[in-house]
Amino acid sequence: MTSSSSYVDTRILGSVIESRLAERLPRTVIEELKTILMRYQLTEEQLEKLISEVEKELEKNSVDPGEPVGMVAAQSIGEPSTQMTLRTFHYAGVRELNVTLGLPRLIELVDAKKTPSTPLTYIYLRPEYKNNREKAIEVARKIELTKVINVTLRIDVNFLSNAIVIILDRDMLEDKGVSVDEVVKVLQKAVKKAKVMQSSENPYEIIVQFEEALDPTKVERLREKILQTRIKGVKGINKVIIQRREDEYVLVCEGSNLAELMQLEEVDYRRIRTNNIKEVESVLGIEAARTLLVEEIMNVLEEQGLDVDIRHIMLVADMMTRTGVVKAIGRHGVMASKDSPLAKAAFEITVKNLIDAAAKGEVDKLLGVTESVIVGNYIPIGTAKVGIIFNPHIKK
Amino acid sequence: MRGSRKKASLDLLSKVLEHELVPKHEILSIDEGVRILREYGIKPEQLPWLRASDPAAKAIGAKPGDIVRIVRRSPTGGEVTVYRYVVPG
């Protein structure tokens, strides 16, 4: 340690790297570089060399102008996807729930379906609730959609006394945490022109006594209405399972209803998750939908053991969310927003696209790849994307 | 009934920006917006769009014509700044 002056002080090392590389390198890379270089005693010369080496590497790894990133992404996702098994049902994590995975799920995501075939919601609870199993069960019971049909053993229509008699299932009542009084109360509210009461002989029997004579043609609908009456719970949440994850209890729900679940005070609304992209779009916005889309696609691919770079997925998600709404990759979504009629005709429904374009008198400027291939031009990619602009009127 | 629903949706909007999936949104001033467009050399419509009806746009009060800066947390680049142009709809 004789000539300490030639060494770069580790305290200023960070700021030197920062000033040289900030704005050009991603944050994470700069931080990583800093923590690694901190460990070494470097001379100024060495540091200089390292930084120029990093710059060189950055240059080497950046995408060149004119690089067909879309085609590279398509190939990089398409090839591994062909190896994906078609097996739909997997028991991922929970035995009670089956989740669509693999190719069907990937197609669902890319097609921007309104609701996934197996909508799921993961509810994280507030600190007061998350470590206590009893409280978690309480919340689960509160949000699980319970209808009269779920606690009914038998339902009979009695035309002689103009009444509908419901016999409740004792075990189910207990399981769902519902009392007979509650059922009576909700039915009284739901059924018009009738008196709902508990039978005097059997405490689990409810009699719906109508004022007017029952119309045999309408009785079926009436019965259905009684059975579908909601006792409690959140609409759309059909089944709730309590799962322990690390140090907290998480509620896994079949179905989704973000807007209502986020309002509940027991729910940690910052962390609630669903796999329903369209719903996230309408409740949390397009940026949240984009993030979720990337995550979901990556999960599908990773689950199948396919190693696809996340940047390709990000490009796909960016294209799908470009217009502010989630659009499918297909003739109704992203393709429909193309300017060129020839490119659209080359993709799907050729004749209709050509006729529409002709009827509207559309002009194809031949700027894209597909239309250039069709007419035999060079495709505007890489070196062929570069043009020469000459302006004879420019003044020296 | 009508009133309670409206109040509930306002309540929800304030929660939207706090959700972990939603990145930071902020409206740019006109000067900043012009600077960004000049830097990229594009017209505002060429930016990705953000609908005025988008919950995040409503939460920050963005109106059509605004440019919104979005700071995403990216798994590859740490923090990434993107811009969206607010369009009606």
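Throughout, a chain's letter reflects where its sequence line sits, starting with A, and its residues are numbered from 1. The figures that follow rest on heavy atoms only: side chains count, while hydrogens, waters and symmetry mates do not.
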Taking side chain as everything from C-beta outward and backbone as N, CA, C, O, which of these in [X] sits under 4.5 Å from a heavy atom of chain B? Side chain, backbone, both or neither.
X         : answer
Ala289(A) : neither
Ser282(A) : backbone
Asp318(A) : side chain
Val294(A) : neither
Glu31(A)  : neither
Ile272(A) : both

### Query
Measuring heavy-atom distances to chain A, does Arg72(B) have an atom under 4.5 Å in its side chain, in its backbone, in both, or in neither?
side chain

### Task
Check each atom of Leu47(B) against the heavy atoms of chain A and say whether the ones under 4.5 Å are side chain, backbone, both or neither.
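Contact with chain A involves the backbone of Leu47(B) alone.
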
#### Entry: Ion pair Arg270(A)/Glu18(B), N-O distance below 4.0 Å
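Between Glu18(B) and Arg270(A) there is a salt bridge, with a charged N closer than 4.0 Å to a carboxylate O.
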
### Candidates Arg84(B), His25(B), Lys24(B) - the one meeting side-chain hydrogen bond (donor to acceptor under 3.5 Å, both in side chains) with Glu287(A)
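With Glu287(A) as partner, side-chain hydrogen bond (donor to acceptor under 3.5 Å, both in side chains) holds for just one option, Arg84(B).
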
### Message
Working note: His19(B) + Val283(A), criterion side chain to side chain contact (heavy atoms under 4.5 Å, CB included); need CA distance, chi angles, decisive distance, verdict.
### Response
CA-CA 11 Å; His19(B) 195 279; Val283(A) 178; over 6 Å; no

Counting only heavy atoms from other residues, nucleotides and ligands, does the tally under 6.0 Å from [atom1] of [X] exceed 12?
X        : atom1 : value
Lys34(A) : NZ    : yes
Asn61(A) : CG    : yes
Arg73(B) : CZ    : no
Glu32(B) : CD    : yes
Glu45(B) : CD    : yes
Ile36(A) : CD1   : yes

### Message
Quick check for you: to the nearest 0.5 Å, what is the distance between Glu295(A) atom CD and Leu21(B) atom CG?
### Response
6.0 Å

### Message
Rounded to the nearest 0.5 Å, what separates atom CG in Leu50(B) from atom OG1 in Thr323(A)?
### Response
11.0 Å

### Message
Just so I understand: if I count every heavy-atom pair under 4.5 Å between each of Met262(A), Arg273(A), Arg311(A), Glu281(A) and chain B, which residue has the most?
### Response
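Greatest number of close heavy-atom pairs with chain B: Arg273(A).
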
### Task
Indicate the atoms forming the closest heavy-atom contact of Val22(B) with Ala288(A), along with that distance.
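Minimum heavy-atom contact is CG2-CB, 3.9 Å.
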
### Message
Under a 3.5 Å distance rule, please check whether Lys15(B) uses its side chain to pair with a backbone N or O of Tyr269(A) as donor and acceptor.
### Response
no

### Task
Please examine the side chains of Met314(A) and Ser74(B), heavy atoms only from C-beta on, and report whether any two atoms are closer than 4.5 Å.
yes

### Query
Is there a side-chain contact between Arg51(B) and Ile286(A) (heavy atoms, below 4.5 Å)?
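In short, these two side chains do not touch, never coming nearer than 4.5 Å.
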
